[in-house]
Number of protein chains: 2
Amino acid sequence: MERALQNMEHVPERQRLVRKLESITDLTEEERQALMDLPVILREFDAGHDIVRSGDHPQSCCLILTGFVCRYMLLPDGRRQIVAFHPPGDIPDLQSLHLKTMDHSVAAMARTTTAFIPHENLQRMTQRFPGLLHAFWRETLIDASVFRAWMVALGRRTAHERVAHLLCEMTLRFAAVGLAEGMTYQMPVTQNDIADALGLSNVHVNRVLQDLRRDELIVWRRNTITVLQWGALKDLAAFDPTYLHIRNLPGLLQ
Amino acid sequence: MERALQNMEHVPERQRLVRKLESITDLTEEERQALMDLPVILREFDAGHDIVRSGDHPQSCCLILTGFVCRYMLLPDGRRQIVAFHPPGDIPDLQSLHLKTMDHSVAAMARTTTAFIPHENLQRMTQRFPGLLHAFWRETLIDASVFRAWMVALGRRTAHERVAHLLCEMTLRFAAVGLAEGMTYQMPVTQNDIADALGLSNVHVNRVLQDLRRDELIVWRRNTITVLQWGALKDLAAFDPTYLHIRNLPGLLQ
DNA sequence: CGTGTTCTTGACTTGGCTCAAGATCGGTGG
DNA sequence: CCACCGATCTTGAGCCAAGTCAAGAACACG
């Protein structure tokens with residue numbers, strides 16, 4: 001269930017953290033090495049299981065190695081709002097370094113491998129490498145920037161625009177960590193999950209997706225998404241990638 | 001229009017920053033002093049004017065000394081989403097330290113005095129006092145936490161719940177920086193602004209507010225808000241203050 | 001091949017929107 | 001001190017985007 005990572009294990013997966021950080025900031029060779037050498041605990045989670053729970057006081061942060069994860073909040077009567085999605089390379093609860101009580105939960109959307117990094121190891125590393133401290137701060141700031149973009153979607157976009165916007169965002173984020181092949185990527189979410197992320201009902205999400213498929217903007221079969229007409233999708237969403245603060249966007253996706 | 005702050009000027013207003021940070025973290029005497037001694041540039045803004053604009057590359061952060069400020073984003077067709085409100089003591093664009101391009105704007109909602117703090121001064125101070133660096137990081141993390149709470153409101157709460165939730169939040173935040181007298185505070189926003197913050201129309205906000213007044217949960221005349229029935233408002237909003245990460249909440253407001 | 005999950009469809013409902021007009025408020029200048 | 005004017009608030013009527021409910025189809029997986 002839970003064990004320390006051995007040297008040379010999961011190297012490509014761990015590099016995704018480096019790649020993620022390098023998509024938003026500069027790292028020195030030393031910093032890259034420090035990240036790869038960070039002692040972590042491996043844990044696996046099945047789809048639908050919570051990785052961290054609202055109210056917890058975590059002692060470590062979880063890096064997603066494989067799989068897919070969401071963060072969500074529940075109202076007392078069970079209404080759910082998904083506030084973020086996280087592909088591999090992300091650390092969804094980085095904030096727990098400073099905010100001791102979790103105000104939301106993190107859940108696996110598919111079978112997920114996580115590397116738990118004890119807070120003390122992170123603290124020690126950021127003391128030694130202030131550059132990494134700033135990289136992590138920057139990462140949380142971009143997190144917040146994405147929240148703002150979602151707020152605009154939730155508050156002021158129509159259902160069609162919201163779905164298109166989410167698809168644009170996820171396309172870029174998967175591409176940024178090297179998990180897209182051209183315009184195709186794997187995102188293991190149900191229409192219900194999309195609904196809870198976009199403040200819609202599952203029925204309505206279904207109808208919107210049918211429209212997008214009918215108009216041949218996307219293909220979405222099982223967990224595989226392909227964007228057929230990036231320009232049209234971008235226009236529909238009024239998508240402006242500035243808020244992702246990704247450097248060196250792939251040319252295709254400008 | 002714009003000038004350097006003189007010693008001994010605006011001391012109570014500048015202390016609000018200290019007070020704000022102390023509502024969420026511990027400061028040493030040295031850190032408090034460093035904050036008070038920080039060289040800044042004073043600027044005044046009239047209601048409705050932008051303080052920072054989307055697309056800008058600011059070289060300083062703006063501390064709100066007096067007045068009231070919002071952050072907002074616009075869609076190409078003019079739809080507006082307000083993503084945050086900031087009473088005095090807040091630094092709404094603290095993120096510009098790391099994210100060079102503003103992805104949203106900051107606007108004055110009433111005549112507002114700001115203290116612009118050059119990035120280099122902030123950098124120097126946080127190098128000297130790592131505790132302040134962590135305080136500022138923490139502040140941006142709480143910012144993000146508030147965004148998440150707003151996302152839940154925008155995505156999953158009814159109009160009545162949204163309005164009640166916003167009122168609960170603002171009551172606590174004004175109280176935390178000493179700008180509330182009991183359950184009364186001054187918040188210079190129009191019903192239109194509330195609508196743009198909550199993803200509603202101004203007409204509907206008007207009707208909801210009438211309900212809240214009829215049920216004697218609140219009084220709202222001009223810019224003065226008084227919460228008459230904190231318990232009932234809290235229940236209606238299903239308000240849980242955890243997400244504000246405020247230490248030592250006033251007992252009244254538990 | 002059976003079973004639970006996810007997707008799809010239709011029929012109906014509704015919360016909140018739009019439009020438009022009138023009332024009220026607060027600040028300004030004479 | 002009052003008259004005026006633009007901004008804000010209020011009200012009513014009609015509408016529509018998206019929700020709810022419920023049942024059936026397709027799918028994935030053991």
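On a predicted model such as this, the values are computed, not experimentally measured, just so you know. Hydrogens, waters and symmetry mates are skipped; everything else that's a heavy atom, side chains included, is used. In what follows, every chain begins at residue 1, and chains take the letters A, B, ... in the order their sequences are listed.
- Nucleic acid contact class of B:G199 (heavy atoms, under 4.0 Å, all strands): sugar-phosphate only.
- Residues B:L166 and B:F85 form a side-chain contact, since some pair of their non-hydrogen atoms from C-beta on lies under 4.5 Å apart.
- Atom CG in B:L198 sits roughly 18 Å away from atom P in C:dG15 (whole-Å rounding).
- When the local axes at the two ends of the helix from C:dC1-D:dG30 to C:dG30-D:dC1 are compared, using 5 base pairs at each end, they differ in direction by 50° after rounding to 10°.
- A heavy-atom distance below 4.5 Å is not found between the side chains of B:I225 and B:T184.
- Heavy-atom distances to DNA chain D give each of A:R222 and A:V205 a nearest nucleotide, and the one nearer the 5′ end belongs to A:V205.
- Residues B:F174 and B:F68 are in side-chain contact: their nearest non-hydrogen atoms beyond the backbone lie under 4.5 Å apart.
- Proximity of B:V40 to B:R14: side-chain heavy atoms (C-beta onward) are separated by under 4.5 Å at one or more points.
- Counting to the nearest Å, the P atom of C:dG4 and the CG atom of A:N192 are 19 Å from each other.
- Across all strands, A:S201 comes closer than 4.0 Å to base atoms (heavy-atom distances).
- The environment of CZ in A:R214 is crowded: more than 12 heavy-atom neighbours from other residues, nucleotides or ligands sit within 6.0 Å.
- In this structure, A:R213 reaches the sugar-phosphate backbone alone: every heavy-atom distance under 4.0 Å involves primed, P, OP1 or OP2 atoms, never a base.
- OP1 or OP2 of C:dG26 has at least one side-chain nitrogen or oxygen of B:R221 nearer than 4.0 Å.
- Spacing between atom CG of A:N202 and atom P of C:dT8 amounts to 11 Å, rounded to whole angstrom units.
- Checked options B:V69, B:D93, B:T114; the residue passing with B:V52 is B:D93 (criterion: side-chain contact (heavy atoms from CB on, under 4.5 Å)).
- Nucleotide C:dC19 holds its P atom 17 Å from the NE2 atom of B:H204, rounded to whole Å.
- Rounded to a whole Å, the CG atom of A:L200 is 17 Å from the C1' atom of C:dT8.
- The outermost nucleotides of DNA chain D lying under 4.0 Å from heavy atoms of chain A, listed 5' to 3', are D:dA18 to D:dC29.
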